[in-house]
A.B. asks: 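First the structure, which I've put down as structure tokens, then a few questions once you've had a look.
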Protein chains: 2
Amino acid sequence: MTAITASDKIVLEQPCPIRDVLDRIGDQWSLLILEALAPGTLRFNALMREIGDISKQMLSRTLKQLEQDGFITRTLYPEVPPRVEYTLTPLGLSFLEPMQQLVAWADTHHRTIVAARIRYEAAQTKT
Amino acid sequence: MTAITASDKIVLEQPCPIRDVLDRIGDQWSLLILEALAPGTLRFNALMREIGDISKQMLSRTLKQLEQDGFITRTLYPEVPPRVEYTLTPLGLSFLEPMQQLVAWADTHHRTIVAARIRYEAAQTKT
DNA sequence: ATATACGGTCTAAAATGTAGACCTTCAGAT
DNA sequence: ATCTGAAGGTCTACATTTTAGACCGTATAT
């Protein structure tokens, strides 16, 4: 299911193009990272702070994947201490539009969803 | 991160509404299931066949979560053998629109993504 | 002298996902 | 009469993924 195998080989393409893309961005962190980068370039630790509860390893891995797929660029400034900046590419920027629609939908409907959860829980509890 | 704890209690709401929603639908299977239900009602095993490589357990669990959150309804017809139908609710239907945009984006850009992977791999390979 | 920040990697442990056996009941094939 | 298969799941054991946290090197601030 993942696009990186144990031996770290890149799976270049999967049978279904839709799944190929959704599998990559439909994980726990990708959307959150892209959203964090929407306002502009950020450094590694700034991203960690922005997202709040992601582990370094997952941030590092997910950034690498997003870079592989061309959503972001990684720029290393060989200073000391090193500075690394992550920026959305044109592809990443173009992705923002459908993603913002999703975010807008989430914002509009989350009350309804919370209500559904309460209703569901109530239905389970009785009996 | 998940909305269901080990003791199967429902987490009714999370601090950030966007994450509350994205966490739920941003897993491996939710989008795929909603997409499969877009054309109309489907039964459990029909969904399995439609999606192809989902395990029974994950299908069962994900459907339960989607039902909790009000995206789908589950209707059990107490026949023998039992028939269970899953259908999008109005909320689920309203979600289709932003999701289709995402799918359309994926369809449009997946060639670019595959190209980016090839470029990345080439860049890694040379020493 | 010590602590902190930078951007990670590594390891061990915890959480999550998978495959496949199993359950009940009935219809249809042998 | 017996066996098979399908329905919609659950349960268990195993595999994979994620997490938390130590560690690395250098340099500035205290």
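Heavy-atom basis, side chains included; hydrogens, waters and symmetry copies ignored. Not measured: the values here are computed from a predicted model.
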A.B. asks: Atom NZ of Lys64(A) and atom P of dG8(C): how far apart are they, to the nearest Å?
C.D. replies: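 Checked: the NZ to P distance equals 8 Å.
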
A.B. asks: To check you understand the geometry: which heavy-atom pair defines the closest contact between Ile33(B) and Ile51(B), and what is its length?
C.D. replies: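 Result for this residue pair: CG1-CD1, 3.5 Å.
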
A.B. asks: Given dT18(D), is OP1 or OP2 found less than 4.0 Å from the side-chain N or O atoms of Arg61(A)?
C.D. replies: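 So the side-chain polar atoms of Arg61(A) do come within 4.0 Å of the phosphate oxygens OP1 or OP2 of dT18(D), strictly under.
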
A.B. asks: All N/O contacts under 3.5 Å from nucleotides 10-12 of chain C to the protein, with atom names and distances to one decimal?
C.D. replies:
| residue | atom | partner | partner atom | Å |
| --- | --- | --- | --- | --- |
| dC10(C) | N4 | Gln57(A) | NE2 | 3.1 |
| dT11(C) | O4 | Gln57(A) | NE2 | 3.1 |

A.B. asks: Quick check for you: among dT18(D), dA7(D), dG7(C), whose closest atom lies nearest to any side-chain atom of Lys56(A)?
C.D. replies: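 Minimum distance to the Lys56(A) side chain belongs to dG7(C).
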
A.B. asks: Take the protein atom OH of Tyr77(A) and the nucleotide atom C1' of dT26(D), then report the distance between them rounded to whole Å.
C.D. replies: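 Atom-to-atom, Tyr77(A) to dT26(D), this comes out as 20 Å.
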
A.B. asks: I want to verify a distance call: between dG7(C), dT19(D), dT18(C), whose nearest atom is closest to the Arg43(A) side chain?
C.D. replies: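 Nearest to the side-chain atoms of Arg43(A), counting from C-beta on, is dG7(C).
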
A.B. asks: Check the distance between dG8(C)'s P and Leu47(A)'s CG and give it to me in whole angstrom.
C.D. replies: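 One finds 10 Å between P of dG8(C) and CG of Leu47(A), rounded.
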
A.B. asks: Taking the side chain from Thr87(A) and the backbone from Thr73(A), do they hold a donor-acceptor pair closer than 3.5 Å?
C.D. replies: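 No: the side chain of Thr87(A) does not pair with the backbone of Thr73(A).
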
A.B. asks: Quick check: closest heavy atoms across Leu31(A) and Leu102(A), and the distance to 0.1 Å?
C.D. replies: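 Nearest heavy atoms, Leu31(A) then Leu102(A): CD1-CD2, 4.4 Å.
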
A.B. asks: Taking the side chain as everything from C-beta on, heavy atoms only, tell me whether Val84(B) gets closer than 4.5 Å to Arg43(B).
C.D. replies: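 No - every pair of side-chain heavy atoms lies 4.5 Å or more apart.
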
A.B. asks: Nearest whole Å is fine: how far is dG7(C) P from Glu67(A) CD?
C.D. replies: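 Those two atoms, CD and P, are 15 Å apart.
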
A.B. asks: Look at the rings of Tyr86(B) and Phe44(B) and say which category their plane angle falls in: under 30° parallel, 30 to 60° tilted, over 60° perpendicular.
C.D. replies: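 It falls in the tilted class, 30° to 60°.
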
A.B. asks: Give every pair of a protein N or O atom and an N or O atom of nucleotides 24-30 of chain C that lie under 3.5 Å apart, one pair per line with the distance.
C.D. replies:
none

A.B. asks: Quick one: is dT19(D) close enough that its OP1 or OP2 comes under 4.0 Å of any side-chain N or O from Trp29(A)?
C.D. replies: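 Trp29(A) to dT19(D) OP1/OP2: side-chain N or O found under 4.0 Å.
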
A.B. asks: Specify the closest pair of heavy atoms between Ser30(A) and Arg24(A), including all atoms of both residues, with the distance to one decimal.
C.D. replies: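 Answer, listing the atom of Ser30(A) first, then Arg24(A): OG-O, 3.3 Å.
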
A.B. asks: In whole angstrom, what separates Asp53(A)'s CG from dA20(D)'s P?
C.D. replies: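 After rounding, the reported distance stands at 8 Å.
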
A.B. asks: Short question: side chain of Asp69(B), backbone of Phe71(B) - any donor-acceptor pair under 3.5 Å?
C.D. replies: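 No.
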
A.B. asks: Within the 4.0 Å heavy-atom criterion, would you say Arg74(B) contacts the bases, only the backbone, or no part of the nucleic acid?
C.D. replies: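 The residue Arg74(B) makes sugar-phosphate contact but no base contact.
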
A.B. asks: In whole angstroms, how far is the C1' atom of dT17(D) from the CG atom of Asp27(A)?
C.D. replies: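 For the pair Asp27(A) CG and dT17(D) C1', the rounded distance is 12 Å.
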
A.B. asks: Rounded to whole Å, please give me the gap between CG in Leu63(A) and P in dG8(C).
C.D. replies: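 That distance rounds to 8 Å.
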
A.B. asks: Take Ile113(A) and Asp20(B), measure what side chain to side chain contact (heavy atoms under 4.5 Å, CB included) needs, and give me the verdict at the end.
C.D. replies: CA-CA 9 Å; Ile113(A) 291 173; Asp20(B) 191 20; 5.6 Å; no

A.B. asks: What's the closest nucleotide to the Ser60(A) side chain, out of dT10(D), dT19(D), dT9(C)?
C.D. replies: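 Of the candidates, dT9(C) comes closest.
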
A.B. asks: Considering only residues two or more places apart or on different chains, which pairs with a residue in residues 55-65 of chain A satisfy salt bridge (charged side-chain N to carboxylate O under 4.0 Å, His left out)?
C.D. replies: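 For residues 55-65 of chain A, and leaving out neighbouring residues, there are no salt bridge (charged side-chain N to carboxylate O under 4.0 Å, His left out) pairs at all.
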
A.B. asks: In whole angstroms, how far is the C1' atom of dC11(D) from the CE atom of Met58(B)?
C.D. replies: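 So the two atoms are 16 Å apart, to the nearest Å.
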
A.B. asks: Go through the steps to decide whether Met99(B) and Ile25(B) satisfy the test side chain to side chain contact (heavy atoms under 4.5 Å, CB included), and finish with yes or no.
C.D. replies: CA-CA 10 Å; Met99(B) 195 184 75; Ile25(B) 53 127; over 6 Å; no

A.B. asks: Quick check for you: among dT9(C), dC6(C), dG9(D), whose closest atom lies nearest to any side-chain atom of Phe44(B)?
C.D. replies: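 It is dG9(D).
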
A.B. asks: So what does Tyr86(A) touch, heavy atoms closer than 4.0 Å: a base, only the sugar-phosphate, or nothing?
C.D. replies: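 Sugar-phosphate contact only - Tyr86(A) comes under 4.0 Å of backbone atoms but never of a base.
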
